[in-house]
Structure formats: structure tokens, C-alpha cells
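Written below as C-alpha cells is the structure these notes are about.
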2 protein chains.
Amino acid sequence: MLTPTVTPSSAPAAPLRTPAGKLIPLNRTSARPATALRQAAHCSSCAMRHLCMPQGLAADEMPKLEALICTAQTVKRGSTLYRSGEPFSNIYAVRSGSLKTVLTHRDGREQVTGIHLAGEALGLDGISEDTHTCNAVALEDSSVCIIPYDALKTLCRETSAMQHRLHKLMGEQIVRETSQMMLLGSLNAEERVATFLLDVSERHARRGYSPSEFHLRMTREEMGSYLGMTLETVSRMLSRFQKRGVIELEGKLIRITDFPALRNM
Amino acid sequence: MLTPTVTPSSAPAAPLRTPAGKLIPLNRTSARPATALRQAAHCSSCAMRHLCMPQGLAADEMPKLEALICTAQTVKRGSTLYRSGEPFSNIYAVRSGSLKTVLTHRDGREQVTGIHLAGEALGLDGISEDTHTCNAVALEDSSVCIIPYDALKTLCRETSAMQHRLHKLMGEQIVRETSQMMLLGSLNAEERVATFLLDVSERHARRGYSPSEFHLRMTREEMGSYLGMTLETVSRMLSRFQKRGVIELEGKLIRITDFPALRNM
DNA sequence: CGACCGTTTGAGTGAGGTCAACCGCTGTGG
DNA sequence: CCACAGCGGTTGACCTCACTCAAACGGTCG
């Protein structure tokens, strides 16, 4: 399935040429403020493996989608991939690592609005306003694939399979967010943490990783922000789960030992 | 701007023919269980006025978008436009009235995940799974425009302006939902209600209605569910605002008398 | 080695939930 | 036409869940 091996190479800043011979200028990319170390790399199939493969599609499902070329970029832990207010021109596919998206209230309060693991998409928040509406920050040293939105739109008009994939991607974000609204609006602290653990577990499984053992790369505070509670409450819930024998935890390493119990919360 | 006058007419159940002469079968529509009284009506420009006009676009912005034909449908107060689990085939534009979308937890708890006023879109939750993931229920006698998703996709591949509009529509939902996550995760009860009133006010204004005086068609309970709190707390907050002279209320009729105060919460 | 960060755990508090009573309106059936 | 039931809304009293504040600990980095 997804092999999140970063393949950084030397960075040719010149326009890239697709297999089909089409030119895709990179000016948009280079115009964006360099908030993170950037490493460009040819990765003609990478975009597909990540933008299109999410949710495990067969590789042969998309015919000539290899036509989209994009570059890779690394984002160091804690650094910002894009910021609220910046012009939107690319969407991203996480190649390796993970990022969070953060919405900042005018009074400074921050809310983590999304966690994006390897193989998942990022940046769709910018489509509606041509401007990003949140900050994307790496939770660990990560690598993302840059997919120029304009080129993608063109491609979507040419092949319906690609159009289908993009629509699914946006639709999935919509569904994920409504689930999160349910979590924030209707569940208590224990249920929120349990639901979150199961969600992360399932997303790991979908990528071929162990569903029962994984690292939570974020801090308790970030988890709390995402779940609408304080870091102390997150910690207490995790301790409670451990005491009940539902999980084992060593710092950020989580091992789920009793899935049914977790699901019954 | 938007004139939410329902124009019901007799219902021709036969396939409709677009101005361009293309056939758009209605079998998908008629296959859906009739959970609400259905009134079909030609409305070739209506889809555009609503799907494309949202956020007040100039009518001349889209060239040959009149090509999309759809039917209108009325939904009585309390009845369901679509249900979770039903196959997805149409998106909807609210012509008049308003609807809520509701997500149901397995234990029966319900969360209102969206309020959709006249001129706004509905049904995007079904795109990701080809199945609706929530229930859409009318808050008052309403009328919606049915936009066949397959036909819309085809159109989006033909004209980039249409593609642009659909992407914006989905992007707007994504942004709206992240804002709601911020509200649910970070704001207290007073701030939530204030934010909600300002949001509804702004959406009314965008459609040319009074921003300072409007009917909240939903019950306190529905409002509470949307805002992640109980109906009693909603009632208390509204009473508090009235006591402070920030709003006047007569049942469901709200008059905002002090916008700055509302914004400073 | 010391400073700092992330985490855990405890004690006390408060915002909002729960339960209950009451009011007004609407619709219905005698 | 009225009586009554039921629903939606408001308000009060009480309680609880999660927040706040604080202390202590381990790991990491300079």
C-alpha cells in the first residue's frame, strides 16, 4: 500500500515537464513565503499515490492520471506549511509524517481543526476564498506532495476519474468534519478520547500500519484542543483507560488492548 | 437578488430535455423513497440562481450554465428531504424556507450539524460515500431545487466556471464546518449563542433580508443541539442578552439592537 | 548541571447540565 | 364553544463534569 518513504533529491527550480510534455509553471509555489525548508523533487506518481490512493483505491483505477506532476517538500516539526491569510494555490498530500491544522480566534484562542496523517490530504480550506483560512503545522518532521490546484482543476475537466477523486476527497473532509462536530457537541470527555483513539487506529489500519499500536505525535495539549478539552482531562482519560486495562501507554506510544471496551464508550 | 418564490407546477415524470437537447433521466430521483410530498417543476434557471448565486455572484458570470435542468420539490415542516443511508444522487439548493441536517449517533443521540437557509446548498455530505450520511429535515415548509449530481459533474467538466462554483460550494462547507468546530471546541455558551446570532444575521443580509430582525425557525432544542448545549442554556443566554438590551425577542422573532456588544463576546 | 517542556495527579471551583415547576399557545375532540 | 392535552419556552434549585491552579516528575537540550 502506501510506502511513506521520502525521496528527496536536488531541487530543480525550473518548470517541470510532465510525461505528456505539458508545462506546469512553478511560479505559484515559489511565490509563497518560505515558512519551511523546501525540497523539490520529481514525483510524478507520488501525487497519485497519495491524492488518489487515499482510502485504498486500486492503482489501475485511474487511467492517465500520471499526467500530473508535482514537487515534494519537507516540513520540519513545528514549522508551518501554510498560514491563514496566505493565497491558496496548492493542495497537499502527506507523504510521510503528520500535520495539524489550526484555526485562530481573533482573541488568540486556538482550535486544532484537523489531524492529517500520511496518505491524507491537506489544504482544502483554501478553495472557497482563494486564501487559506487556517495554519498547517507539522507534528513531526514530515514530507508533503505539492499539487498545484489550477493544474488539478484542468486535469479534472479532462478525466472524470480524477474529478471523481477530487470530489471524494472534499466530500470526505466534509463528512469527517461533521463527525467531529458530533464529537464536540454531544460526547463527554471519555467518549471523545475513546472515539479519537479508534479514529486514529482506523486511519493507521487503512494505510497498512498496526491498528493496535501507534505513536500519537501530538502533545496532550494539541489532542485536547482537537477534542475540545484541556490537556489535563486528556491525560486523566488516558490514565483511566490504562487503569481499566483498555490501553497501555508509554508516553506517546499507545497500545489498544481492548477494542470492544473502547467502542462501548 | 434571490426571490424565494416557489413556482410549483404539474409534475412531468418523464425525462427532461435541456435547452441543448441533452436527455437527463430522472430515474434516480424517482427511485428515492418519497419521504416528502414532491412537486416537480421546470426550473432551468433556478438551479443557477441558487447553486451558483450563493454568495451573491453576478448573473452574467456564468456563460452557458443554463444547460442544467432540474426540478423543484417542496418539503413540509418536519418532513425529511433525505435520510442517512439513502443513496446519494442529487444535491439541493434551498429555494425558500430552511432545513437542518442531523447526524444520529448509534445510541440515538442527535447532533444538528447544519442549518441551511434559502439560497444555500444541501446534500454535499453524500458525495464521499455515494450515500447520505445525515438526515435533512425541513424547519418550516420549504422548497428546494434538485440538482442531479451526475449531470452537474458532466457540466463541470465542460465549463470551468461551473466547476469553479461547485468547488467553492464544497470549500465553503468545509470552512463553515471548521468554524463550527472552533465554536464547539473553544467558545463558552454566551459566545456560542452570540456567534450564532451574528452568523444567521449575516446570512440573511447576504440574501438581501434584514440583518437585524429575523425569525429563528428552529426550536431552542435544535439551536442547542447545533451549538452543543441544552435548550435551557440557550434560553438563559437569550434572556441574558435581552436583559442587557443587546437583543429584543418575541418567541422566535429576534431583533438585534446592539451589534457591537454582540460582537464583543 | 540547570532550565524548560510535556506529562501526571490532586484539590477546589464554576459553568453548564439536570430536574422540576409553571406559563402560554395551538390544535383537537366532546 | 370550551376543555384539555401537548408542545415549546422560561426560570429556579441543585448537582456534576470538566476546568483551573498547583505541585511534582522525567526527559531533553544547551
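So you know, we letter chains A, B, ... as the sequences are listed, proteins then strands, and number each from 1. All values reported here derive from a predicted model rather than from experimental measurement. Below, each value reflects all heavy atoms present in this structure, side chains not excepted, and no hydrogens, waters or symmetry copies.
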key: Side-chain donor/acceptor of R236(B) to base of dT18(C), under 3.5 Å   =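 Pair found.
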If I take atom [atom1] in residue [X] and atom [atom2] in nucleotide [N], what distance separates them, rounded to the nearest angstrom?
{"X": "M229(B)", "N": "dG9(D)", "atom1": "CE", "atom2": "C1'", "answer": "14 Å"}
{"X": "R77(A)", "N": "dT28(D)", "atom1": "CZ", "atom2": "P", "answer": "12 Å"}
{"X": "N188(A)", "N": "dA18(D)", "atom1": "CG", "atom2": "C1'", "answer": "10 Å"}
{"X": "L187(A)", "N": "dC17(D)", "atom1": "CG", "atom2": "P", "answer": "15 Å"}
{"X": "K252(B)", "N": "dG8(D)", "atom1": "NZ", "atom2": "P", "answer": "8 Å"}
{"X": "R220(B)", "N": "dC7(D)", "atom1": "CZ", "atom2": "C1'", "answer": "14 Å"}
{"X": "E232(B)", "N": "dG8(D)", "atom1": "CD", "atom2": "C1'", "answer": "12 Å"}
{"X": "E221(B)", "N": "dG17(C)", "atom1": "CD", "atom2": "P", "answer": "13 Å"}

message = Out of the candidates T230(A), V112(A), L231(A), only one should pair with E221(A) under the side chain to side chain contact (heavy atoms under 4.5 Å, CB included) rule; please name it.
response = L231(A)
inquiry  = Under the side chain to side chain contact (heavy atoms under 4.5 Å, CB included) test against V246(A), which residue among L197(A), L262(A), L238(A) passes?
reply    =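 Exactly one pass, corresponding to L262(A).
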message = Need one value for G224(B): base, sugar-phosphate or nothing, where a base atom within 4.0 Å counts as base even if backbone is also close, heavy atoms only.
response = nothing
query = Touch check for L249(B), heavy atoms < 4.0 angstrom, all strands: base, sugar-phosphate only, or nothing?
reply =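 The residue L249(B) makes sugar-phosphate contact but no base contact.
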So, OP1 or OP2 of [N]: does either fall under 4.0 Å of a side-chain N or O from [X]?
{"X": "S239(A)", "N": "dT9(C)", "result": "yes"}
{"X": "T233(B)", "N": "dG17(C)", "result": "yes"}
{"X": "T230(B)", "N": "dG17(C)", "result": "yes"}

message = Could you check whether Q111(B) and S186(A), counting side-chain N and O atoms only, form a donor-acceptor pair closer than 3.5 Å?
response =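 Yes, a side-chain donor-acceptor pair sits under 3.5 Å.
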ask   = Under 6.0 Å from the CZ atom of R77(B), do we count more than 12 heavy atoms belonging to anything else shown?
value = no
Selection from dG8(D), dT10(D), dT8(C) that lies nearest to any side-chain heavy atom of L231(B) = dT10(D)
key: Between F214(B) and Y209(B), ring centroids under 6.0 Å   = no
